[in-house]
Amino acid sequence: MKIATWNVNSLKVRLPQVLDWIETHRPDVLALQETKLTDENFPRDEMLAAGYQVVHSGQKTYNGVATLSRSPATDIITDAPGLDDPQRRILGTTIDGVRILNLYVVNGAEVGSEKFAYKMDWLEKVTALIERERRDHEDYIVLGDFNIAPTDEDVYDPEKCQERILCSTAERQALQRILDLGFTDTFRLFEQQPATFSWWDYRHLAFRRNRGYRIDLILASPSMAQRCKATWIDQTPRKLERPSDHAPVIAEFEDR
DNA sequence: ATGGTGGCGCGGCCA
């Protein structure tokens, strides 16, 4: 089973790239973030023609999460309890018996800002949701754009980024609280090249200089981590014309 | 250096 995540930064713009990519990689599940589309504008027919079922929780202009899958998705949720939130950032589905929680974590702007406080509150409520759902789903994957670089290894210049957004102790502790529920960052199950990132700012030639961050993660429950054969970041789409600022991440799991 | 780039959508917000 291949499970992937990709922040596409507008599915309207990136649709041809996404269709090419799923044709090449044939993931069983692809979690998308930042679709920036209402549900009625989602390119459902194109995805169906490519062999993928679609669940989307979107809004105009901002945010939006979609989960594409070769098998149908059931038990769909689009919110966490206590998060009375119009922002479309959460999409839970069950696909081939695996619970998949697709997240577009709040960016948080700047440490100490109002948006940062909101990010912390949002993460707390999502963590409570995961904790509750975990009891009913042994095979559980949490994936998406976490807007948190787990460690200094996941940042191009740790000193420059110290205690700044994406890297602060508070954000890393919030991620650790999810990991403490029994999840593994599957990328780190395997030997990786140093300075392998999943997001680079559009500005200052950051991609060419590899000034990036690894903030797109695939977390696995113990039963899934045990079956994980490989996790890698596909930087090919980031090199295309008019790319997303994020690269897709793929994890491959042995079948039960 | 408070800039810079990109998306949405047409002014200003968000990342």
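Numbered from 1 within each chain, the chains take letters A, B, ... in sequence-line order. Atom set for the values below is all heavy atoms of this structure, side chains included, hydrogens, waters and symmetry mates excluded.
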Novice: Whole Å only: how far is the NZ atom of A:K160 from the P atom of B:dA1?
Specialist: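 Roughly 14 Å, once rounded to whole Å.
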
Novice: Could you check how far CG of A:D145 sits from P of B:dA15, rounded to whole Å?
Specialist: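 Rounded to the whole Å, the gap is 10 Å.
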
Novice: Have a look at A:Y213 and tell me which of A:F146, A:F207, A:Y156 forms a ring-ring contact (aromatic ring centres under 6.0 Å, His included) with it.
Specialist: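 Exactly one pass, corresponding to A:Y156.
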
Novice: Any donor-acceptor pair under 3.5 Å linking the side chain of A:Q59 with the backbone of A:R88?
Specialist: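 Looks like yes, one N/O pair under 3.5 Å.
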
Novice: Quote, to the nearest angstrom, the P distance that separates B:dC10 from B:dA1.
Specialist: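 About 37 Å, rounded to a whole number of Å.
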
Novice: Check the pair A:Q33, A:N102 against side chain to side chain donor-acceptor pair (under 3.5 Å), reporting the backbone distance first and the verdict last.
Specialist: CA-CA 8 Å; A:Q33 301 86 35; A:N102 175 5; 2.9 Å; yes

Novice: Looking only at atom P, what distance separates B:dT2 and B:dG11, rounded to whole Å?
Specialist: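 My reading of the P atoms in B:dT2 and B:dG11 gives 27 Å.
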
Novice: Using a strict 4.0 Å threshold on nitrogen-to-oxygen distance, state whether A:R227 and A:D139 make a salt bridge.
Specialist: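 Yes, charged N to carboxylate O under 4.0 Å.
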
Novice: For A:Y62 and A:Q87, what are the C-alpha separation, side-chain angles and deciding distance, and is it a side chain to side chain donor-acceptor pair (under 3.5 Å)?
Specialist: CA-CA 8 Å; A:Y62 301 119; A:Q87 299 189 27; over 6 Å; no

Novice: What is the distance, rounded to the nearest whole Å, between atom CG of A:D245 and atom P of B:dC8?
Specialist: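 Checked: the CG to P distance equals 12 Å.
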
Novice: Assess A:R89 against A:Y104: is NZ or CZ under 6.0 Å from the centre of the six-membered ring, and within 45 degrees of the ring's axis?
Specialist: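 Geometry flag: set, cation within 6.0 Å and 45°.
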
Novice: Within this structure, what is the CZ-to-P distance between A:F116 and B:dA15, rounded to whole angstrom?
Specialist: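 So the two atoms are 14 Å apart, to the nearest Å.
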
Novice: Rounded off to whole Å, could you give me the OH-to-P distance for the A:Y213 and B:dA15 pair?
Specialist: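 So the OH-P distance, A:Y213 to B:dA15, works out to 15 Å.
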
Novice: What is the distance from CD of A:E171 to P of B:dA15, rounded to the nearest Å?
Specialist: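 After rounding, the gap between these two atoms is 13 Å.
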
Novice: Between the protein and nucleotides 5-7 of chain B, list every N/O to N/O distance that falls short of 3.5 Å.
Specialist:
residue: B:dG7; atom: OP1; partner: A:R14; partner atom: NH1; Å: 3.1
residue: B:dG7; atom: OP1; partner: A:R14; partner atom: NH2; Å: 3.4
residue: B:dG7; atom: O3'; partner: A:S10; partner atom: OG; Å: 3.3

Novice: Can you tell me, in whole Å, how much space there is between the P of B:dA15 and that of B:dG9?
Specialist: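 Here B:dA15 and B:dG9 have their P atoms 15 Å from each other.
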
Novice: Any salt bridge between A:E171 and A:K119, counting N to O under 4.0 Å?
Specialist: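 Yes.
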
Novice: Rounded to the Å, how far apart are A:N7 CG and B:dA15 P?
Specialist: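 It is 11 Å, rounded to the nearest whole Å.
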
Novice: Tell me what A:F207 touches on the nucleic acid: a base, only sugar-phosphate, or nothing, going by heavy atoms under 4.0 Å.
Specialist: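 The answer is nothing, as A:F207 stays clear of every strand by at least 4.0 Å.
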
Novice: On DNA chain B, check which nucleotide each of A:L11 and A:R89 is closest to and give me the residue with the more 5' one.
Specialist: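 Final value for this comparison: A:L11.
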
Novice: For the pair made of CD in A:E110 and P in B:dC14, what is the distance, rounded to whole Å?
Specialist: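 The distance from CD of A:E110 to P of B:dC14 comes to 14 Å, rounded to the nearest Å.
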
